[in-house]
Amino acid sequence: MTLAIAGDVEEHRGIIITCSYEARKFGVKTTMPIWQGKKLCPELIVLKPNFDRYRKTSIAIFELMRQYTDLVEPVSIDEGYLDITGCAELGSPIEIADSIQKRIFETMDLPCSIGIVPNKFLAKTASDMKKPMGITILRKRDVPLILWPLDVGEMHGIGKKTAEKLNSIGIETIGDLAKAHDVTLRQILGINGLKLKERATGIDGRAVDPESIFDHKSIGNSTTLPKDITNQKELIDILEQLSTKVALRLKNKKLVGQKIGVTIRYKDRRTITRSRIVENHFFEKADIHRLAVELFKKHWNGEKVRLLGVTAFEVMDKEAAYKQLDLFSYEKDAEKESLYYAMEKLQSKYGKEIIKRGVEAAEKKGQAETSFSKDYLDNLRLKE
């Protein structure tokens with residue numbers, strides 16, 4: 001069936017979130033406007049998403065996986081790593097993979113592709129090879145024959161921007177990357193270049209970690225006010241500054257939150273922290289500010305405020321979070337991709353200061369702050 005999932009199915013300006021394999025054969029793909037998808041495939045059926053169904057199905061899939069091993073690491077709503085090293089009593093790796101695939105199809109009517117490999121990088125690569133219903137065995141000794149001839153941009157973990165940087169120094173294939181000089185890679189990509197080279201040779205020492213999506217607990221910022229304030233508008237403006245900083249830190253670390261918290265300290269040093277879980281994961285400044293203001297208005301008693309804080313709790317990697325964002329937000333993100341890419345091109349050519357998003361520029365302004373989240377990742381900078 002040529003099927004696509006999108007937001008405003010009645011509006012041709014809507015963005016396609018995902019589509020069936022039958023639709024992809026016509027050139028339909030994620031983030032494509034509905035009108036363009038319809039042009040490529042006139043018989044395309046466009047439906048609205050059902051996030052509740054996706055969430056329940058995802059939970060069921062991972063519960064099924066955990067019946068084979070406790071070492072299950074979710075990486076997205078429908079992807080995960082399983083370490084079956086200690087599962088010999090359940091059969092050979094191919095028998096275990098075949099059992100998982102058949103049970104998911106029989107109980108949920110869903111196809112799945114599986115990679116049987118020695119590490120996480122090769123798992124992602126192999127599981128993509130025979131979609132939608134295949135099992136691929138990929139050993140390290142197979143890497144030169146199977147992976148090295150591919151374009152470097154096809155390698156998992158390399159985006160368009162990184163591929164362009166590699167192409168600019170003559171690295172066109174995954175094999176070129178595997179054979180590249182360390183000094184050259186470090187010059188253009190930093191330490192990440194050396195990690196990508198290891199991946200290109202089939203090396204990946206990362207263990208399957210069931211707790212990895214909970215590594216980060218919270219991202220927050222607070223500020224002690226220069227004077228005690230009772231003016232609500234001033235306090236809301238300060239919450240906006242704090243929300244901007246929290247949003248930027250989430251963006252830099254590629255994280256999202258699902259619980260928002262506000263801290264209020266009064267003139268007499270009485271301090272309260274109030275929080276609530278929200279239905280959809282958040283990372284945009286506007287959403288963080290709106291949620292923080294709602295909490296503040298509900299719990300502020302009108303007295304003079306000495307300190308304010310905003311925190312995103314229950315944060316996790318963006319890729320690991322269920323896509324429960326409302327479609328309006330999703331479409332706005334997709335529409336901005338071309339803008340972000342243009343900004344990156346300008347910064348690459350003329351320097352980082354030539355142009356900045358408002359959120360990034362705002363970070364350098366404002367009052368002295370302290371972080372009450374004790375974020376141990378402050379000194380890390382995640383790269384593409």
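- R103 and Y68 form a side-chain donor-acceptor contact under 3.5 Å, judged by distance and modelled atom types alone.
- For D70, the CG atom sits in a loose shell: 12 or fewer heavy atoms of surrounding residues, nucleotides or ligands are nearer than 6.0 Å.
- Following chains of ILVMFWY side-chain contacts shorter than 4.5 Å, one cannot reach F296 starting from I277, and the two form parts of different hydrophobic clusters.
- Between the side chain of W148 and the backbone N or O of T201 there is no donor-acceptor pair closer than 3.5 Å.
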(request) Dump the intermediate steps for side-chain hydrogen bond (donor to acceptor under 3.5 Å, both in side chains) on T263 and T273, then the final yes or no. (result) CA-CA 4 Å; T263 297; T273 298; 3.2 Å; yes
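- Follow the hydrophobic side-chain contacts under 4.5 Å out from M133 and you never reach I100; the two are in separate clusters.
- Side-chain atoms of N231 do not come within 3.5 Å of backbone N or O of L235 as any donor-acceptor pair.
- With Y266 as reference, N301 is the one residue of N301, T271, D228 to meet the side-chain hydrogen bond (donor to acceptor under 3.5 Å, both in side chains) rule.
- Counting heavy-atom neighbours within 6.0 Å of K131 NZ, excluding the residue itself, gives a total above 12.
- Although no hydrogens or angles enter the test, the distance criterion places no donor-acceptor pair under 3.5 Å between the side chain of K120 and the main chain of V208.
- Hydrophobic clustering (ILVMFWY, side-chain heavy atoms < 4.5 Å, transitive): I45 and Y21 are in distinct clusters.
- Remark: side-chain polar atoms of D142 are paired, donor with acceptor, to backbone N or O of R139 under 3.5 angstrom.
- The OG atom of S243 lies 11.5 Å from the CD1 atom of I238; values are rounded to the nearest 0.5 Å.
- Rounding to the nearest 0.5 Å places NZ of K285 at 11.0 Å from CG of D287.
- Taking CG from L308 and CG from L239, the interatomic distance works out to 5.0 Å, rounded to the nearest 0.5 Å.
- Of the charged side-chain nitrogens involved, at least one lies within less than 4.0 Å of a carboxylate oxygen, so that E294 and R290 count as a salt-bridged pair.
- In this structure, T162 contributes its side chain and I158 its backbone to no donor-acceptor pair below 3.5 Å.
- Taking a cutoff of 4.0 Å between a charged side-chain nitrogen and a carboxylate oxygen, D182 and R186 do not qualify as a salt bridge.
- Within the 4.5 Å cutoff, no side-chain heavy atoms of V293 are placed close to those of V262.
- Residues E73 and L71 have side chains not in contact (no heavy-atom distance under 4.5 Å, counting atoms from C-beta outward).
- We find the NE2-OG distance between H299 and S275 to be 8.5 Å, quoted to the nearest 0.5 Å.
- In this structure a side-chain-to-backbone donor-acceptor pair under 3.5 Å is present from T69 to D83.
- Partner of E303 under the salt bridge (charged side-chain N to carboxylate O under 4.0 Å, His left out) criterion, out of R270, K267, R265: R270 alone.
- Side-chain N or O atoms of D151 include none that pairs as donor or acceptor with a backbone N or O of E154 at under 3.5 Å.
- Remark: E106 CD to Q101 CD distance equals 10.5 Å, nearest 0.5 Å.
- If you take NZ on K297 and CD on Q232, they are separated by 5.0 Å, rounding to the nearest 0.5 Å.
- At distances below 3.5 Å, at least one donor-acceptor pair connects side-chain atoms of T30 with backbone N or O atoms of I17.
- The closest donor-acceptor contact from the side chain of S113 to the backbone of S127 lies under 3.5 Å.
- At least one donor-acceptor pair closer than 3.5 Å links the side chain of R249 to the backbone N or O of G220.
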